[in-house]
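To find a chain, count down the sequence lines: A is the first, B the second, and so on, and within it residues start at 1.
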Protein chains: 2
Amino acid sequence: MTDRPVLHAHAQPDMERLKGRWSDYLRRHGLKTTQQRELIVEQFLKLTGHIAIEELLARVRKRNPKVGYATVYRTLKLLTECGLAATRQFGDGQTRYEVADDIAHHHDHLICVQCSLILEFENAEIEQLQDEVAANLGGFKVVRHKLELYGLCPKAMGQKGGYCPNES
Amino acid sequence: MTDRPVLHAHAQPDMERLKGRWSDYLRRHGLKTTQQRELIVEQFLKLTGHIAIEELLARVRKRNPKVGYATVYRTLKLLTECGLAATRQFGDGQTRYEVADDIAHHHDHLICVQCSLILEFENAEIEQLQDEVAANLGGFKVVRHKLELYGLCPKAMGQKGGYCPNES
DNA sequence: CTTTTTGCAAATTCTTTGCAGCCCA
DNA sequence: TGGGCTGCAAAGAATTTGCAAAAAG
């Protein structure tokens, strides 16, 4: 089977390749390269993990203090549209952005609800089915997805059976 | 195929159980039962799927036009705190709420990244594959999952040949 | 030169809060 | 009665937008 934990061997995503995608996107859409955009994209793509607008702006302003909020918002929107960024909501009112490194090489998560062990995995069959589902639902085209499985790891299964009733 | 929007045909018989949990919560916390709260909780618990504040308020106001936004927000917050509601973020600025007990009859989401159209679906094959994946990853047992597909709806795709069309 | 982009501030949108009066226990 | 509730409007917070000046192609 092809189900096995994803190994993160290479720490450095190919920044140049991502920048290339960015340039392509700009070109194809008749958009312009500007100092601000280059700076924001540069700072964004070098990230690992997620970031809020405010913090990204702070980093950008270290190099160019005149950049405004609106430009960061607008650039992140472009990045999202071209598939280089993805938004995450963590429940506080702030949107975070993360590098959607390579959509085709996306990994999903399996989380043990007892011990919080988290495994990452990929499964091509599931992703293909997702595409089919989307197509069947009127002709959608999936550009990315988020799949989280919550379950019991073997170790945790030995103990207790019950549900988890409400608290408070 | 079995991919089709989820139809919410029947009402659920364990509504009374959920209402019981609500009453317990109020009692234990020294909170009061009011007409507005009863009405909001009633309308909320009969849901299958997710709902935005605005729509819930609309339904509530059909029975009592004087209910205000703030009361709905405040009541949903209580419902969330007592475990009867869960919040969802789909990337448009709106928080949606769903009945937390809905886990047994789980549905997934397909979201258009351009126009924020949200469809719900169920797919048994995907869920079975999820179980298999989990089993392969050392013997996990899946108890619930969250799957969100982000894509382009046909309408959003129609324009221009490129990647992400329609930027305002 | 023309068209896009920027930065600012004002405008939106969603959600929370302050408060006087109302209601439930 | 008395402390919680409600509705309204104002306040907040995050994000978007209008516009004149600035930059890019």
Side-chain angles (χ1 to χ4, degrees), chain A residues 22-41 43-44 50-58 60-61 63-82 85-97, chain B residues 22-44 50-58 60-61 63-82 85 87-97 113-116 118 166-168:
Chain A
W22 169 246
S23 312
D24 287 350
Y25 181 79
L26 291 185
R27 195 174 310 117
R28 281 186 215 167
H29 289 253
L31 303 174
K32 290 176 176 175
T33 302
T34 68
Q35 289 193 332
Q36 292 90 330
R37 282 180 179 165
E38 291 305 287
L39 181 50
I40 293 165
V41 170
Q43 292 302 307
F44 176 72
H50 50 76
I51 195 169
I53 290 284
E54 190 178 356
E55 193 191 336
L56 183 56
L57 178 60
V60 165
R61 281 188 170 163
R63 336 257 152 142
N64 180 350
K66 293 179 185 167
V67 176
Y69 269 95
T71 302
V72 179
Y73 274 109
R74 288 187 276 227
T75 304
L76 264 300
K77 191 174 184 186
L78 291 177
L79 283 165
T80 303
E81 286 167 5
C82 80
T87 61
R88 289 301 274 244
Q89 308 285 157
F90 292 115
D92 61 343
Q94 293 215 331
T95 299
R96 316 298 167 98
Y97 297 80
Chain B
W22 168 246
S23 312
D24 288 350
Y25 181 79
L26 291 186
R27 196 174 308 116
R28 280 186 220 168
H29 289 253
L31 303 174
K32 289 176 177 175
T33 301
T34 68
Q35 290 193 330
Q36 292 91 328
R37 282 180 178 167
E38 291 305 287
L39 181 49
I40 293 165
V41 170
E42 164 93 25
Q43 291 303 306
F44 176 73
H50 52 75
I51 194 168
I53 290 284
E54 190 178 357
E55 193 190 334
L56 183 56
L57 177 62
V60 164
R61 281 187 168 164
R63 336 257 151 144
N64 180 350
K66 292 179 187 168
V67 175
Y69 269 95
T71 302
V72 179
Y73 274 108
R74 289 187 275 229
T75 304
L76 264 301
K77 190 173 186 187
L78 290 177
L79 282 165
T80 302
E81 285 167 6
C82 81
T87 62
R88 297 293 286 247
Q89 307 285 155
F90 292 119
D92 62 344
Q94 293 216 326
T95 299
R96 315 299 165 97
Y97 296 81
V113 297
Q114 296 262 303
C115 66
S116 293
I118 300 173
N166 169 47
E167 45 270 1
S168 56

Euclidean distance, atom OH of residue B:Tyr69 to atom C1' of C:dT17 [Å, nearest integer]: 17 Å
Greater than 12 external heavy atoms within 6.0 Å of B:Glu54's CD: no
What is the distance, to the nearest angstrom, from the CZ atom on A:Arg28 to the P atom on D:dG25? 18 Å
Quickly work out the B:Glu38 CD to D:dT6 P distance and round it to whole Å. 11 Å
Residues at least two apart in sequence or cross-chain that pass side-chain contact (heavy atoms from CB on, under 4.5 Å) with B:Arg37, listed by chain then number, are B:Trp22, B:Leu26, B:Leu31, B:Thr34, B:Thr75, B:Leu78
Which distance, rounded to the nearest 0.5 Å, do you find between the CG of B:Leu39 and the CD of B:Gln35? 8.5 Å
Can you sort out the partners of B:Glu42 under salt bridge (charged side-chain N to carboxylate O under 4.0 Å, His left out), two or more places apart, ordered by chain and number? B:Lys19
Any residue meeting side-chain hydrogen bond (donor to acceptor under 3.5 Å, both in side chains) with B:Arg27, in chain and number order, not counting sequence neighbours: B:Asp24
Taking side-chain contact (heavy atoms from CB on, under 4.5 Å) as the definition, give me every residue that meets it alongside B:Ala52, ordered by chain and number, with sequence neighbours left out. B:Gln94, B:Arg96
Just the rounded figure in Å: distance from C1' of D:dT6 to CG of B:Leu57. 13 Å
C:dC14 P sits how many Å from B:Leu56 CG, rounded? 15 Å
Test of understanding: with side-chain contact (heavy atoms from CB on, under 4.5 Å), list the residues that count as partners of A:Thr87, not counting sequence neighbours. A:Thr80, A:Thr95, A:Tyr97, A:Arg144
Partners meeting side-chain hydrogen bond (donor to acceptor under 3.5 Å, both in side chains) with A:Arg63 (sequence neighbours left out): none
Could you go over nucleotides 12-14 of chain D and give all protein N or O partners under 3.5 Å, atom names and distances?
from	atom 1	to	atom 2	distance (Å)
D:dA14	OP1	A:Gln94	NE2	3.3

Angle of first-five versus last-five pair axes in the helix from C:dC1-D:dG25 to C:dA25-D:dT1, to 10 degrees: 30°
Nucleotide-resolved protein contact map, nucleotides 1-11 of chain C, B/S/- at heavy-atom distance under 4.0 Å: --BSSBBB---
Can you give the donor-acceptor pairs under 3.5 Å from side chains of residues 64-72 of chain A to other protein atoms, not counting sequence neighbours?
from	atom 1	to	atom 2	distance (Å)
A:Asn64	OD1	A:Lys66	N	3.1

Any residue meeting salt bridge (charged side-chain N to carboxylate O under 4.0 Å, His left out) with A:Glu55, in chain and number order, not counting sequence neighbours: A:Arg59
